[in-house]
Amino acid sequence: MGDIKKNLDIVKKNLDEIELLEDLSSTGTWYLDLRTMTFTAISEKIFELYGISKGDSTSYESFLFDCVLLDDQAYCEQKRLEIMNVKGSSKFLLEFRIIRQNTGAIHKQRVLVQRVEDEEGDLIGLRGAEMDLGTVEAE
């Protein structure tokens with residue numbers, strides 16, 4: 001029983017450190033399941049960055065059409081399609097603007113996206129780390 005408690009303490013400490021790092025860097029993480037086109041894992045920081053609550057939709061379309069600035073939506077979709085058409089666990093860096101849903105403020109995001117493949121090498125998801133670069137003016 002002591003080993004289990006020790007391991008749980010280590011996990012909690014790591015989670016606390018991750019939360020501190022997210023706050024310090026204004027970065028959150030997510031996982032997009034490509035079979036369902038829903039974000040199945042979203043860190044607390046992503047909800048904060050987008051100004052949405054946990055009860056809101058977590059579909060890819062909802063994030064794209066509700067949160068991404070209209071002028072940047074085609075860019076995001078083009079990048080998603082490019083990412084899906086390569087092989088391996090390549091990483092891609094994107095920058096686009098969002099509309100924070102609770103304030104209406106426009107923020108620039110920098111996102112590092114990595115492909116996730118199953119044992120057969122088939123693409124099953126996308127993993128991302130997203131950083132808020134601050135408010136910007138709409139062009």
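Computed over heavy atoms, backbone and side chain alike; hydrogens, waters and symmetry mates excluded.
For Asp56, there are no salt bridge (charged side-chain N to carboxylate O under 4.0 Å, His left out) partners two or more places apart in sequence or in a different chain. Arg127 pairs by the salt bridge (charged side-chain N to carboxylate O under 4.0 Å, His left out) definition with nothing, not counting sequence neighbours. In this view, Lys108 and Glu95 satisfy the salt bridge (charged side-chain N to carboxylate O under 4.0 Å, His left out) rule, not counting sequence neighbours. Every residue two or more places apart in sequence or in another chain that forms a side chain to side chain donor-acceptor pair (under 3.5 Å) with Glu77 is listed here: Tyr60, Arg80.
Of the inter-residue distances, the one linking Tyr50 atom OH with Gln101 atom CD reads 10.0 Å to the nearest 0.5 angstrom. Separation of atoms CG (Leu93) and NZ (Lys79) is listed at 9.5 Å; rounding is to 0.5 Å. Here Cys76 contributes atom SG and Ile98 contributes atom CD1; the two are 10.0 Å apart, rounded to the nearest 0.5 Å. Expressed to the nearest 0.5 Å, how far CD of Gln109 lies from CG of Leu49 amounts to 5.5 Å. Separation of atoms OG1 (Thr58) and CD1 (Ile52) is listed at 8.5 Å; rounding is to 0.5 Å. The line from CZ of Arg110 to CG of Leu94 is 11.0 Å long, rounded to the nearest 0.5 Å.
Taking hydrophobic clusters as Ile, Leu, Val, Met, Phe, Trp and Tyr residues chained together by side-chain heavy-atom distances below 4.5 Å, Phe65 shares a cluster with Leu34.
Hydrophobic side-chain contacts under 4.5 Å tie Val116 into a cluster, directly or through other members, with Tyr31, Ile124.
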> What do the steps show when you test Glu44 against Lys54 for salt bridge (Lys or Arg N to Asp or Glu O under 4.0 Å), and what is the final call?
Replying inline: CA-CA 9 Å; Glu44 293 286 329; Lys54 285 189 176 182; 2.4 Å; yes

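Here the closest non-hydrogen pair linking Thr29 and Ile46 is O-CG1, 3.4 Å. The two atoms that bring Thr36 and Thr38 nearest to each other are OG1-OG1, 2.7 Å, heavy atoms only. Heavy-atom minimum distance, Ser59 versus Ser62: OG-N, 3.0 Å. Of all heavy-atom pairs between Asp132 and Arg100, the closest is OD2-NH2, 3.7 Å.
Between Phe63 and Leu32 the shortest side-chain heavy-atom distance does not fall below 4.5 Å. Under the 4.5 Å side-chain criterion, counting only non-hydrogen atoms from C-beta, Trp30 is in contact with Val113. Between Glu82 and Asn85 the shortest side-chain heavy-atom distance does not fall below 4.5 Å. Between Lys45 and Thr27 the shortest side-chain heavy-atom distance does not fall below 4.5 Å.
Within the structure, ring pair (Phe, Tyr, Trp, His ring centres under 6.0 Å) pairs that include any residue of residues 79-129 do not occur (at least two apart or interchain).
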